[in-house]
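The structure displayed is predicted, hence computed values, not measured ones. Atom set for the values below is all heavy atoms of this structure, side chains included, hydrogens, waters and symmetry mates excluded.
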Amino acid sequence: MVVRPGWIAPEIAEQYGVGIHTVTKTWAQHPAWPASVGKRGRYKEYDRQAIADFVRKHVKRQAVELEPKRLYTAQQLEDAGIGIKAGTIRADLTRGRWPEPDDTDHGMNRWTGETVMTAMTGRRGYRRSTDE
């Protein structure tokens, strides 16, 4: 088995569980995307460690500590830095991709920190990270 020093787009996509379009059209367009170290076939080849560093710094959502029993509105969750905009939470709720609110008093949707953290672990790209 030949071990290559770098990765090409299909290998990066497989390694991180995303589509090749995400790698080539989203990640690779980011200003911090590493420079290629060569070419293999029709794809540019990238240093494995440089890709890992990019994903850690720019792709992974950092875990935010929320108080498990406290109730949060969508805006409060955005402000807490969970990595999702309030509008996305509301849209995902209507599409069944976000949990039903734990409390709806006064017509306001609110979720406990525990519910939010459970929902976040099921979302693509979210990893609990202890990296500083």
Inter-residue atom distance E67.CD - E114.CD, 0.5 Å rounding: 13.0 Å
Atom of P99, atom of L93 and distance for their closest heavy-atom approach: O-CD1, 3.4 Å
N/O donor to acceptor pairs below 3.5 angstrom from side-chain atoms of residues 84-92, sequence neighbours left out:
| unit_1 | atom_1 | unit_2 | atom_2 | d |
| --- | --- | --- | --- | --- |
| D92 | OD1 | R97 | NE | 3.4 |
| D92 | OD1 | R97 | NH2 | 3.0 |
| D92 | OD2 | R123 | NH1 | 3.0 |
| D92 | OD2 | R123 | NH2 | 2.9 |

Over all atoms of both residues, closest heavy-atom pair of T112 and Y72: C-CD1, 4.4 Å
Derivation of the side chain to side chain contact (heavy atoms under 4.5 Å, CB included) call for V59 and Y16: CA-CA 10 Å; V59 176; Y16 292 102; over 6 Å; no
Side chain to side chain contact (heavy atoms under 4.5 Å, CB included) between V18 and V23, intermediate numbers included: CA-CA 8 Å; V18 298; V23 174; 3.8 Å; yes
Parallel, tilted or perpendicular, as decided by the 30° and 60° cut-offs, for the rings of F54 and W27: tilted
K39 with E45: basic N within carboxylate O range, under 4.0 Å: no
Atom pair CG (L66) and CG (L71), whose distance is rounded to the nearest 0.5 Å: 11.5 Å
Side-chain touch D47/S36, heavy atoms, less than 4.5 angstrom: no
Between D102 and T115, a side-chain donor and acceptor under 3.5 Å: yes
Interatomic distance, K44 atom NZ to T24 atom OG1 [nearest 0.5 angstrom]: 11.0 Å
Plane angle bin for H30 and H58 - parallel if under 30°, tilted between 30 and 60°, otherwise perpendicular: tilted
Distance in Å, I8 CD1 paired with Y43 OH, rounded so as to fall on 0.5 Å steps: 6.5 Å
Pairing of E11 and R40 as salt bridge, 4.0 angstrom limit: yes
Gap separating the CH2 atom of W7 from the CD atom of Q15, nearest 0.5 angstrom: 4.0 Å
Sequence-distant partners of Q49, side chain to side chain donor-acceptor pair (under 3.5 Å), two or more places apart: D53
Inter-residue atom distance I82.CD1 - M117.CE, 0.5 Å rounding: 8.5 Å
Side-chain donor or acceptor of E78 paired with backbone N/O of Q75 under 3.5 Å: no
Partner set under side chain to side chain donor-acceptor pair (under 3.5 Å) for E14, not counting sequence neighbours: none
